[in-house]
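This report refers to the structure that appears directly beneath it.
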Amino acid sequence: MQPIKKLSIMADQIILDSHGEMLMQQYQERKAVYERMDKIVFDKLRWTLKENGLYVNAIEHRIKTEKSLRGKLELKGAKYNSLSDITDILGLRIITFYTDDVDKVAAIVKHIFEVDWDESVDKRKLHDLTSFGYNSLHYICRIPKNLIYDHMMPELNEFRFELQMRTALQHVWSTIEHDIGYKGEVRIPKEYRRQFSRLAGMLELVDDEFSRLRTTLTDYRRRMQALVASGQLDEASLDTDSFRSYLEMKPFDRLNRRIAAANQAEIYPSPLMPFLPVLEYFHMETLGDVQRFIEANSDAAYQLALSQLALTDLDILSENIGLQNLCIVHALKNGFGSQGVQYIFDVINGKNSANALMADMIIEQAQNLPFMRKS
C-alpha cells in the first residue's frame, strides 16, 4: 500500500525541467533573505505611513510559497535566468481608503525605497471599463543601503520586491473577479461582459466620489475654523466640526473659573462634545446662537451652581459644570421643564431611572433662585 501512496504524491507535484529545479534550489537557499526583507519593508512602511499621518485600510505582505513559485516556473520558467529576475517573490500590497491616497503612498514609497522604473507600471492609466480591479499602481523596488546594509547579507540590497497600491474598492472588485473566475483578458459572452463593465464603472465612480467628498468636507472644516477664529459665529452652522473648533476657544472657561472660585476648587478636564445634541435640542442653529445662550444664562448658571455647591465641600469640579448648568437654566427659563432637564442628563449620563429624580431635585433647588422668580 505504501508505494501507491508515494506514486499519488508524485502525480500531484509539478515537475520542472532542470533550469526550473535550479531556480527552486536558489529559492530554498535564499528564502531567509526574503524573510528578512519582508520584515524590514513591512516595518518601515507601517512606521513611515503612521509618522506621516496617512492611515490605510491594510498593508498585506507575503513571500511566494514553493507551490506558487513552481506553478509560475512551469508557465514562465524559461524567461528567468536567475531567481533575482523574479520580482514578486516578496510581494506587498497597500490598500488605501481613497484614490488620492494612492499617490500619497507612492510618494512615500519613492522616498524610502529604490524604484525600478523600467519594471514598474501604473495600471490606473488603463481605460478599459473592465479593468477597474486591476487599476493598481505597481512598483518594483529595492531596499537602499541607507536604510539598511549588512555585509553578511548583501542580497538585501540586490533582490527586488513588488509593491502594489490600490484602493479598498479596487481590492474588493479584484477579489470578486478572482472568486468568480473572471479575468479581464478572458472572452466571455457580451451580456455578461456588459454587466462587468457597468459594475466596474459604478465602483470607479464611487471611488472618485468618496475622494471628492473628503476634499469637500476638509474645505468645509477649514472654512468653519476660519469663521470661528474671525469671530463670525453667526455664519458658522452648529455641527460637529464647528462646535469642536468653537471649544478650542474655551468659551466656558470664564464661567467655570467663577464657579470654582466659590469653593477654591480645581477643575479637571471633561469632554464637552456630548453636549452638542442638547444644544440642538434647544433649536440652536449657529455658533452665534450658542454665544448668545452663554451670555444670556451665565449669571443664572452661576447662581444654580452655588446652590448646588452649598450642600457639598467639593474641591474638584468637572470642566462640564458650567455648560451643564447653562443648559439646565436655559431649559427652565424657556419652558422645557422637568422633561427638558431630564433629557440633558439622559444625553450626558446615559438613560437611567435616576435622571428623572435628579431633574426633580435640581428644579426644587432652583425654585427660589432669582432667575426662576423672573421667569
Side-chain angles (χ1 to χ4, degrees), residues 224 228 233-260 262-263 265 267-312 314 316-375:
M224 289 301 103
V228 173
L233 302 183
D234 282 318
E235 302 298 319
S237 300
L238 178 60
D239 58 35
T240 301
D241 292 311
S242 64
F243 190 54
R244 183 176 287 112
S245 296
Y246 182 63
L247 290 178
E248 292 176 1
M249 299 172 59
K250 305 292 184 183
F252 307 104
D253 272 14
R254 181 178 178 184
L255 175 58
N256 285 341
R257 289 195 300 269
R258 187 180 176 193
I259 294 171
N263 276 18
I267 298 175
Y268 69 88
S270 179
L272 300 181
M273 285 300 298
F275 283 87
L276 178 57
V278 178
L279 299 177
E280 292 173 338
Y281 172 72
F282 292 147
H283 311 299
M284 297 185 195
E285 298 181 350
T286 70
L287 292 181
D289 293 335
V290 178
Q291 188 65 33
R292 286 184 287 274
F293 152 83
I294 296 173
E295 295 166 356
N297 297 305
S298 285
D299 287 340
Y302 175 68
Q303 295 168 16
L304 180 60
L306 289 187
S307 71
Q308 296 165 347
L309 293 175
L311 305 176
T312 72
L314 289 175
I316 299 179
L317 300 175
S318 169
E319 189 178 7
N320 69 18
I321 187 170
L323 180 51
Q324 178 173 294
N325 279 282
L326 284 166
C327 291
I328 293 171
V329 166
H330 184 84
L332 296 178
K333 288 171 64 176
N334 291 276
F336 289 88
S338 177
Q339 184 178 357
V341 177
Q342 180 181 339
Y343 176 79
I344 296 169
F345 292 128
D346 284 343
V347 171
I348 305 308
N349 303 324
K351 290 187 177 182
N352 62 74
S353 57
N355 290 337
L357 297 174
M358 193 180 306
D360 290 340
M361 182 180 68
I362 290 288
I363 293 174
E364 185 178 350
Q365 288 178 347
Q367 288 303 317
N368 295 321
L369 296 178
F371 77 89
M372 287 293 285
R373 292 197 294 270
K374 289 180 182 178
S375 60

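Defined by atom type and a distance below 3.5 Å, a donor-acceptor pair is missing between the side-chain atoms of Asp239 and Ser237.
Taking all atoms of both residues into account, the shortest heavy-atom contact from Phe243 to Leu272 is CE2-O, 3.7 Å. Between Leu255 and Ala301, the closest heavy-atom pair is CD2-CB, 4.0 Å. Shown here for Gly288 and Asp234, the closest heavy-atom pair between the two residues is CA-OD1, 3.3 Å. The two atoms that bring Leu317 and Ala260 nearest to each other are CD1-CA, 3.8 Å, heavy atoms only. Nearest heavy-atom pair, Leu304 versus Ala366, reported as atom, atom and distance to 0.1 Å: CD1-CB, 4.1 Å. Between Ala262 and Leu306, the closest heavy-atom pair is CB-CD2, 3.4 Å.
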Exercise. Apply the test side-chain contact (heavy atoms from CB on, under 4.5 Å) to residues Asp299 and Arg258: give CA-CA distance (whole Å), side-chain angles for both, the deciding distance (0.1 Å), then the verdict.
Key: CA-CA 10 Å; Asp299 287 340; Arg258 187 180 176 193; 3.0 Å; yes
Exercise. Please lay out, stage by stage, how Glu319 and Asp253 fare under the test side-chain contact (heavy atoms from CB on, under 4.5 Å).
Key: CA-CA 8 Å; Glu319 189 178 7; Asp253 272 14; 4.3 Å; yes
Practice problem: Verify side-chain contact (heavy atoms from CB on, under 4.5 Å) between Tyr302 and Val329, making sure each step is shown before the conclusion. | Solution: CA-CA 10 Å; Tyr302 175 68; Val329 166; over 6 Å; no
Practice problem: Kindly indicate, with the supporting measurements, whether the criterion side-chain contact (heavy atoms from CB on, under 4.5 Å) is fulfilled by Asp241 and Arg244. | Solution: CA-CA 5 Å; Asp241 292 311; Arg244 183 176 287 112; 4.0 Å; yes
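A donor-acceptor pair under 3.5 Å is formed between the side chain of Asn355 and the backbone N or O of Gly350. Side-chain atoms of Lys333 come within 3.5 Å of backbone atoms of Ala296 as a donor-acceptor pair (strictly under, hydrogens ignored).
For Asp289, the side-chain contact (heavy atoms from CB on, under 4.5 Å) partners two or more places apart in sequence, or in a different chain, are Met284, Glu285, Thr286, Arg292. For Arg254, the side-chain contact (heavy atoms from CB on, under 4.5 Å) partners at least two apart in sequence or on another chain are Arg257.
Summarising the local packing, CD of Glu295 is surrounded by more than 12 heavy atoms from other residues, nucleotides or ligands at distances under 6.0 Å.
Inter-residue side-chain proximity for Leu309 and Ile259 is flagged as met; some heavy-atom pair is nearer than 4.5 Å.
In this structure, OH on Tyr246 lies 5.5 Å from CZ on Phe252, to the nearest 0.5 angstrom. Note that CG of Leu323 and CG of Leu247 are 8.0 Å apart. Values are rounded to the nearest 0.5 Å. If you take CG on Leu279 and CG on Leu326, they are separated by 9.5 Å, rounding to the nearest 0.5 Å. Atom CZ of Phe282 and atom SG of Cys327 lie 5.0 Å apart (nearest 0.5 Å). If you take CD1 on Ile294 and CD on Gln291, they are separated by 5.0 Å, rounding to the nearest 0.5 Å. Atoms CE and OG1, from Met273 and Thr240 in turn, are 5.0 Å apart once rounded to the nearest 0.5 Å.
Between Phe336 and Tyr343, the distance from one ring center to the other does not fall under 6.0 angstrom.
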